[in-house]
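Below is one structure, written out as structure tokens; comments come after it.
Side-chain atoms are counted along with the backbone in the values below, which use heavy atoms only and exclude waters and symmetry mates. Note that the structure is predicted; figures quoted are calculated from it, not measured.
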Amino acid sequence: MSEMQLILNDTFWKFLVSLEELKEKKDKNLFCSSLNVNDETLKTFQEFLNRFDVMCVIDDAYIYPLKDKCRIKMEFSLSEWLALQASFHKESDHSNFKQYYHKIVQNKLTLVQKAFEQFNLYKKPIDISVKLSEVENLKKKINYVISYRKSITIEFLNNKQCVVFPHRLVFLDGILCVVGESVSDKTLVYFGVEDIKDVLDFDHLYEPNFSQIEINEFICHLRLINGKEERLVLKVYSQYETDLLPNHHFLGNPFITSNTEGDMIWAATIEICDDLFQWLFAMKDRVEILDPGHIRKEFSHFCEMKKENSELKKVS
């Protein structure tokens, strides 16, 4: 069963509701019988939930209640709530989603998805067989060969291969990517780490054709295309306890100065993505976003939802 078939399958949603309603362990055969599913289908549903780190525990005899009840809480302003209702109206124009109330709803949903990224249904998943630790190992391997200026053979999840001289690990369009030179045709290329199965040493020496300045220009051009970069300005209250170099982020025209009160002012053109919000969240008590205003507002909502999600987990 493909992922889309599963999402469109009413039985999956009945299974999920039944699982959430479980208060104590239940005989697996009775549970399957009530939903008219077999063991293979049940296992497919279980693996799908595991993708979201939802631990559905099933053994040979029983299915068990979820240990952590997941709760997604949303708070709407008046404009957001009215816009949401307008978007569902039968006379609403859904042909191009250009009405301003559609934009309000889209911005709200994007913000919620950032705060609850774990449960993003349409995020392109890393293959279930590739564990988080393995992804971290991939990043370490790639960082190593970048440091020692070596070429690598990249093996993709679709079983294709490419020999690359890697230059940077950087976020592009919200995805951590390898930027490097294709050894075969000596052109600049980039690949999402989430699409990589493994990296292997490439024994032959390769002399890179592009300078770091040209690599930076390439990254700048890619970011102009996706249109997600902003000039971020921060006031730093504790510079010695603050990491002002976020991992794998390209900082365009970085600048540091101080105001008349002696506070450090940090600025850089940077791509706005989920990882950036996580970086800011880790130093939320030591920095303040001065500009742009809409990022300051989004980050404030992000922190509120993080707090609410944490409290809900403690209660459950």
Atom CH2 of Trp279 with >12 non-hydrogen neighbours under 6.0 angstrom: yes
Side chain proximity check, Leu169 to Val178, heavy atoms < 4.5 angstrom: yes
Separation between CD1 of Ile154 and CD of Gln161, rounded to the nearest 0.5 Å: 10.5 Å
Over all atoms of both residues, closest heavy-atom pair of Pro254 and Ala268: CA-CB, 4.1 Å
Step-by-step side-chain contact (heavy atoms from CB on, under 4.5 Å) determination, Asn143 to His248: CA-CA 10 Å; Asn143 277 323; His248 311 311; 3.8 Å; yes
Donor-acceptor under 3.5 Å (Glu214 side chain, Ser211 main chain): yes
Hphob cluster co-occupancy, Ile219 + Leu176, side-chain heavy atoms under 4.5 angstrom: no
Validation row: Lys43, Ile58 side chains within 4.5 angstrom (heavy atoms): no
Donor-acceptor contact below 3.5 Å, side chain Glu80 vs main chain Ile104: no
Distance, nearest 0.5 Å, that separates NZ of Lys139 from CD1 of Ile196: 12.0 Å
Heavy atoms of other groups near Tyr190 OH, more than 12 under 6.0 Å: no
Expected output: side-chain Ser300 to main-chain Arg296 donor-acceptor under 3.5 Å: no
Test log, rule side chain to side chain donor-acceptor pair (under 3.5 Å), inputs Thr110 and Asn107: CA-CA 5 Å; Thr110 299; Asn107 288 342; 5.4 Å; no
Transitive ILVMFWY side-chain link Phe191 to Leu188, under 4.5 Å: no
Neighbour count >12 (heavy atoms, 6.0 Å) for atom OH, Tyr62: no
Residues, nucleotides or ligands: over 12 heavy atoms within 6.0 Å of Asp185 CG: yes
Nearest heavy-atom neighbours spanning Leu35 and Thr11: O-CG2, 3.8 Å
Test item: Lys235 and Ile265 side chains (from C-beta on) under 4.5 Å apart, heavy atoms: yes
Shortest non-hydrogen separation from Phe171 to Asn247 and the atoms involved: CE1-O, 4.1 Å
Check: Phe218 ring centroid to Phe210 ring centroid under 6.0 Å: no
Heavy-atom neighbours of Leu30 CG exceed 12 at 6.0 Å: yes
4.5 Å side-chain heavy-atom contact, Lys141 and Ile152: no
Ring centers of Tyr206, His204 separated by less than 6.0 Å: no
Atom of Ile175, atom of Gly192 and distance for their closest heavy-atom approach: CG2-CA, 4.1 Å
Rounded distance (nearest 0.5 Å) linking atom CG of Asn158 with atom NZ of Lys197: 10.5 Å
Over 12 foreign heavy atoms within 6.0 Å of CD, Gln212: yes
Test item: Leu19 and Leu49 side chains (from C-beta on) under 4.5 Å apart, heavy atoms: yes
Heavy atoms of other groups near Arg231 CZ, more than 12 under 6.0 Å: yes
Single-linkage hydrophobic cluster Phe281~Val236, side-chain heavy atoms < 4.5 angstrom: yes
Val179 vs Leu172 side-chain heavy atoms within contact, under 4.5 Å: yes
Check: Lys108 side chain, Glu75 main-chain N or O, donor-acceptor pair, under 3.5 Å: yes
Euclidean distance, Glu155 CD relative to Lys160 NZ, rounded to 0.5 Å: 14.5 Å
Flag if over 12 foreign heavy atoms under 6.0 Å of CG, Leu224: yes
hydrophobic_cluster_shared for Val233 and Met264, side chain cutoff 4.5 Å: no
Test log, rule side chain to side chain donor-acceptor pair (under 3.5 Å), inputs Tyr64 and Asp59: CA-CA 9 Å; Tyr64 297 82; Asp59 60 23; 2.7 Å; yes
Aromatic Phe31 / basic Lys28 pairing, under 6.0 angstrom, 45° off normal: no
Considering all heavy atoms, the nearest Lys284-Cys303 contact: CD-SG, 4.3 Å
Closest contact, heavy atoms only, Arg223 versus Gly252: NH2-N, 4.1 Å
Parallel, tilted or perpendicular, as decided by the 30° and 60° cut-offs, for the rings of Phe48 and Phe52: perpendicular
Ser33 side-chain N/O to Asn29 backbone N/O, donor-acceptor pair under 3.5 Å: no
Side chain proximity check, Cys177 to Leu222, heavy atoms < 4.5 angstrom: no
Candidate pair Glu181 and His167, rule side chain to side chain donor-acceptor pair (under 3.5 Å), full reasoning: CA-CA 8 Å; Glu181 297 180 34; His167 284 280; 2.9 Å; yes
Residue pair Leu280, Phe302: steps toward the side-chain contact (heavy atoms from CB on, under 4.5 Å) verdict: CA-CA 10 Å; Leu280 291 170; Phe302 179 86; over 6 Å; no
Single-linkage hydrophobic cluster, 4.5 Å side-chain cutoff, Leu22 and Val57 together: no
Nearest-0.5 Å distance that lies between atom NE2 in His249 and atom SG in Cys273: 4.5 Å
Flag side-chain contact, heavy atom, 4.5 Å: Tyr237 against Asp285: no
Check against side-chain contact (heavy atoms from CB on, under 4.5 Å), Asn216 and Phe250: CA-CA 8 Å; Asn216 292 345; Phe250 175 73; 3.3 Å; yes
Under 3.5 Å: donor-acceptor pair, side chain of Gln46, backbone of Cys56: yes
Euclidean distance, Lys140 NZ relative to Leu138 CG, rounded to 0.5 Å: 11.5 Å
Working for side-chain contact (heavy atoms from CB on, under 4.5 Å), residues Thr269 and Leu251: CA-CA 6 Å; Thr269 302; Leu251 304 181; over 6 Å; no
